[in-house]
Amino acid sequence: MITIGDSNDVLPLVPQTGATHPLGSRARVLLTSVFGPYAQDDEYGSRLLNPMELWHNQVTRVQGPFSLRMFHRSWGLMLIQVNLQAPCMLLDFPTLDRFIEEIRDQEYDIVGISSIVPNLHKVETMCQLVRRYRPGATIVVGGHIANIPDLAARIDADHVVRGEGVRWFRRFLGEAADQPIRHPYIHAGLNTRVMGISQKLVPEKEAATVIPSVGCPMGCNFCSTSAMFGGKGHFINFYESGDELFDIMCQLERSMKTTSFFIMDENFLLHRRRALRLLELMERNGKAWSMFVFSSANALRTYSLEQLVSLGVSRVWMGLEGKGSQYNKLDGADCYAIVRELQSHGIHVLGSTIIGLEEHTPENIDEVIEHAVRYDSDFHQFMLYTPLPGTPLHAELSAQGRIKDEREYDVSDIHGQSVFNYRHPHISDGQETELLLRAFQRDLEVNGPTITRFIRTTLAGWKRYKHHPDERIRRHFAWEGQDLATSFAALAWAAKGYYRDRPAMREKMSRLLDELYKEFGWKSRLYAAAAGRYVLRQTRREEKRLAHGWTYEPPTFYEGNEAGERVAAGGGRRAARSDYATPRRRPAQAAEAATAPAAASAERQSVDDPRGAVLS
């Protein structure tokens, strides 16, 4: 257990429940996300500025028709659902009417609601509706919203679950909590759209999400995720060993027909023993997988580029908080050199920079922004420094009397893209909104659209490794670069045409297009000239749609686990089946798992020690 910040809130790594539901595994469970629509300003807390789109919301926000549009399912709810024996239905992205219909017309003994802090008003409303239509149901609320210390006093819920939910639900339902964790089949992104063109779901080109662990031992004081799972030094592994993880990924590869994986782990490469065992198994079995991982700069430095490329790391999300940052995950790292070197090997970098750190002022903020923009990362996320409830930063600023009274702001606006919920020592109220927007705009103005940066790095990787002696590496980069001569050439041609009245940006697009022509010859020229015109036309149409207020909403998903699907079918309802991969633990893995705590300690020591740096 760990005490969070200066509060008296003591958090067990796996939340405990003192009682089980009277019906045990016979209880009928509904798990649901908060209701939409999301991309609008309304009385329930939806915000046009905070749609259900991570990329458009936080990364490509000002890029207009070039913005990457995509939805991500509620992965935590999907994980809980497939790990319960009780009949369990999942309602993801419902409208308010669809949520009411479900709880009004169907019998449920437990309703579980997952949410982030800005959706507090929606959770309040949903709890009230459950009491009205299902007064006998037990209400369970979890997700990041559970970090609010007094949440139980704010909403009419029976249980607030802060931390890992699978084992909590298993205990609550009287099921064995320590069973192996099944892994749901999850498509990493849905309804992808860019430059006015929607991408059809092609399994061979889609990534599957893999969730090896939750929490992050780095414990940055502003990190809500770290706080929720125990804080600094703590995390929970679902798959301790590389053997277990490899087995799960093989099952996903076979069933979902994919070789690409979005690794949803806050600092995947920090678990070095597991990652290197996974690499060993990939090499032994000829797996040319691609992976999108999260990592700190210092964790990256404990691997050679040969290891990263062999592991299939094709995208990495890393913090780039800037010079003078207090966050030691950057300590001693030449991040500019790391970013450039990764990109030169075809590894795309998503940099994340905080605006509004304690040392930021209106006078030095342009220097801060220029420092971030100079990385020229393939993607760049900018977020406001935000002390969310439950984090050590929130506790620290509360003790200083700097957290604003909730009458001074709406909790629905505290999503990192709008306003501060505290008093900054140098930045006056309202200034932060413009400063954040300035960062996004400057990044686009200097570096161009994210999609063209992505193409640039993909091309660099292809050129470097297309003749690599290892056939597995060649296959990996052939998969990564499969669209370079065709779709990507058309996108680059359209981008050049779009920027015809901006000489500097047009020249940047022209250089990219010339590189593609040089590498792929007549094929890329023909495809660019033919399809590029169509893409440019769609891009301009998209720009007009956006100017007229067009927004993007996710579809509603209704799914059942094995028992839930049977109950739904018996009641004449149609629900999709929630499929999953089943862990198959081998005897040899037990010894490896037993050494995990010592290994994790050694990993943290090597990460903190710059002498361990081998990225070169």
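Just so you know, these numbers come straight off a predicted model, no measurement behind them. Positions are given from 1, in the same order as the sequence printed here.
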Requested in this report: Run the ring-centre check on H234 versus F229 and record whether the distance is less than 6.0 Å.
Outcome: no

Requested in this report: Find the distance between CD1 (I100) and CE (M126) and round it off to the nearest 0.5 Å.
Outcome: 10.0 Å

Report task. Return the orientation label for the H159 and F172 ring planes: parallel under 30°, perpendicular over 60°, tilted otherwise. Result -> perpendicular

Query - Ion pair check, D42 and K122, cut-off under 4.0 Å - result: no

Query raised in the report: Do side-chain atoms of Q106 reach the backbone of I103 as a donor and acceptor pair under 3.5 angstrom?
Result: no

Requested in this report: Report yes if the side chains of Y108 and V130 come closer than 4.5 Å at any heavy-atom pair, otherwise no.
Outcome: no

Report task. Evaluate the ring planes of F292 and F262, with Trp represented by its six-membered ring, and classify them as parallel (under 30°), tilted (30 to 60°) or perpendicular (over 60°). Result -> tilted

Query raised in the report: Distance under 6.0 Å and angle within 45° of the ring axis: does R98 meet both against Y558?
Result: yes

Requested in this report: Give a yes or no on whether a salt bridge exists between R453 and D378, defined as a side-chain N under 4.0 angstrom from a carboxylate O.
Outcome: no

Query raised in the report: Does Q199 use its side chain to pair, donor to acceptor, with the backbone of N191 at less than 3.5 Å?
Result: no

Requested in this report: Answer yes or no: is there a side-chain heavy-atom contact under 4.5 Å between Y38 and N57?
Outcome: no

Query raised in the report: Between E102 and R573, does a salt bridge (charged side-chain N to carboxylate O under 4.0 Å, His left out) hold up when you go through it step by step?
Result: CA-CA 11 Å; E102 186 67 17; R573 290 175 290 154; 3.4 Å; yes

Requested in this report: Over 60° means perpendicular and under 30° means parallel, so classify the ring planes of Y385 and Y422, tilted if in between.
Outcome: perpendicular

Query raised in the report: If you measure only the distance, is there a donor-acceptor pair under 3.5 Å linking the side chains of Q417 and R61?
Result: yes

Query - Sub-4.5 Å side-chain heavy-atom contact between D265 and F294 - result: no

Query - Spacing of OG belonging to S67 relative to CD belonging to E542, to within rounding of 0.5 Å - result: 9.0 Å

Query raised in the report: Roughly how far, to the nearest 0.5 Å, is CH2 of W317 from NE2 of H348?
Result: 15.0 Å

Query raised in the report: Between the side chains of Q63 and T450, is a donor N or O closer than 3.5 angstrom to an acceptor N or O?
Result: yes

Query raised in the report: Residues two or more places apart in sequence or in another chain: which of them pass salt bridge (Lys or Arg N to Asp or Glu O under 4.0 Å) with E434?
Result: R438

Query raised in the report: Does the side chain of S74 come within less than 4.5 Å of S114's, by heavy atoms?
Result: no

Requested in this report: Go through the steps to decide whether H144 and T225 satisfy the test side-chain contact (heavy atoms from CB on, under 4.5 Å), and finish with yes or no.
Outcome: CA-CA 7 Å; H144 285 265; T225 301; 3.0 Å; yes

Query raised in the report: Hey, is the main chain of H394 close enough, under 3.5 Å, to the side chain of S398 for a donor-acceptor pair?
Result: yes

Query raised in the report: Is the backbone of L68 close enough, under 3.5 Å, to the side chain of T60 for a donor and an acceptor to pair up by distance?
Result: yes

Report task. State which residues pass salt bridge (Lys or Arg N to Asp or Glu O under 4.0 Å) with E445; sequence neighbours excluded, sorted by chain then number. Result -> R442

Requested in this report: State whether a side-chain donor-acceptor pair under 3.5 Å links T353 with H380.
Outcome: yes

Query raised in the report: Is the backbone of M78 close enough, under 3.5 Å, to the side chain of R73 for a donor and an acceptor to pair up by distance?
Result: no

Requested in this report: Answer yes or no: is there a donor N or O on one side and an acceptor on the other, between the side chain of T32 and the main chain of L91, under 3.5 Å?
Outcome: yes

Requested in this report: Search all heavy atoms of A86 against all heavy atoms of V29 and return the closest pair with its distance.
Outcome: CB-CG2, 4.4 Å

Query raised in the report: Taking the side chain as C-beta and beyond, is there a heavy-atom pair between I263 and P212 under 4.5 Å?
Result: yes

Query raised in the report: Distance from N221 atom CG to L393 atom CG, nearest 0.5 Å?
Result: 4.5 Å

Report task. Check each of D443, V62, V59, I354 against F382 using the side chain to side chain contact (heavy atoms under 4.5 Å, CB included) test, and report the only one that passes. Result -> D443

**Report entry** Residues S224 and N147: side-chain donor-acceptor under 3.5 angstrom
**Finding:** yes

Requested in this report: Only one of L397, L388, I414 passes side chain to side chain contact (heavy atoms under 4.5 Å, CB included) with N421; say which it is.
Outcome: I414

Query - Main-chain N/O of S428 paired with R423 side-chain donor or acceptor, under 3.5 Å - result: no

Report task. Let me see the working for V411 and H121 under side-chain contact (heavy atoms from CB on, under 4.5 Å), right down to the final yes or no. Result -> CA-CA 8 Å; V411 68; H121 300 322; 3.8 Å; yes

Report task. Please round to the nearest 0.5 Å and tell me the distance separating atom CZ of F238 and atom CG of N83. Result -> 8.0 Å

Query raised in the report: Checking side-chain contact (heavy atoms from CB on, under 4.5 Å) for the pair I148/I145: CA distance, chi angles, key distance, verdict?
Result: CA-CA 6 Å; I148 298 177; I145 194 171; 3.9 Å; yes

Query raised in the report: For I139, does its backbone N or O pair with a side-chain atom of D158 as donor and acceptor, under 3.5 Å?
Result: yes

Query - Residue list, side-chain contact (heavy atoms from CB on, under 4.5 Å) with E432, at least two apart or on another chain - result: L384, V419, F420, I427

Requested in this report: Assess the pair F35 and F93: is the distance between their ring centroids shorter than 6.0 Å?
Outcome: no

**Report entry** Distance-minimising heavy-atom pair for A297 and M318
**Finding:** CB-CE, 3.7 Å

Query raised in the report: Do the side chains of L84 and V166 get nearer than 4.5 Å, heavy atoms only?
Result: no

Query raised in the report: Quick one: do the Q40 and S46 side chains pair a donor with an acceptor below 3.5 Å?
Result: no

Requested in this report: Could you pull out the closest heavy-atom pair between A39 and T551, with the gap in Å?
Outcome: O-CG2, 3.6 Å

Query raised in the report: Rounded to the nearest 0.5 Å, what separation is found between the OG atom of S352 and the CD atom of Q381?
Result: 3.5 Å

Query raised in the report: Is it true that R167 and E164 make a salt bridge, defined as a side-chain N closer than 4.0 Å to a carboxylate O?
Result: yes

Report task. With the side chain counted from C-beta on, respond yes when V82 and H183 share a heavy-atom pair under 4.5 Å apart, and no when they do not. Result -> no

Query raised in the report: Step by step, would you call H271 with N237 a side-chain contact (heavy atoms from CB on, under 4.5 Å)?
Result: CA-CA 10 Å; H271 305 271; N237 279 341; 3.7 Å; yes

Requested in this report: Verify, without hydrogens or angle tests, whether H424 (side chain) and H426 (backbone) share a donor-acceptor contact under 3.5 angstrom.
Outcome: yes

Query raised in the report: Where do S418 and L49 come nearest, in terms of heavy atoms and distance?
Result: CB-CD2, 4.0 Å

Query raised in the report: What pairs with S295 under side-chain contact (heavy atoms from CB on, under 4.5 Å), at least two apart in sequence or on another chain?
Result: N267, L269, A299, L300, V316

Query - Side-chain heavy atoms of L190 within contact of F557, under 4.5 Å - result: yes

Report task. Quick one: sort the W55 and F379 rings into parallel, tilted or perpendicular, breaks at 30° and 60°. Result -> tilted

Query raised in the report: Looking only at atom types and distance, does a side-chain atom of N364 sit under 3.5 Å from a main-chain N or O of H360, one as donor and one as acceptor?
Result: no

Requested in this report: Only pairs at least two apart or in different chains count here, so list each salt bridge (Lys or Arg N to Asp or Glu O under 4.0 Å) that has a residue in residues 45-60.
Outcome: R47-D410, R47-D413, E53-R69

Query raised in the report: Under the side-chain contact (heavy atoms from CB on, under 4.5 Å) test, which residues partner P425, sequence neighbours left out?
Result: E358, R402

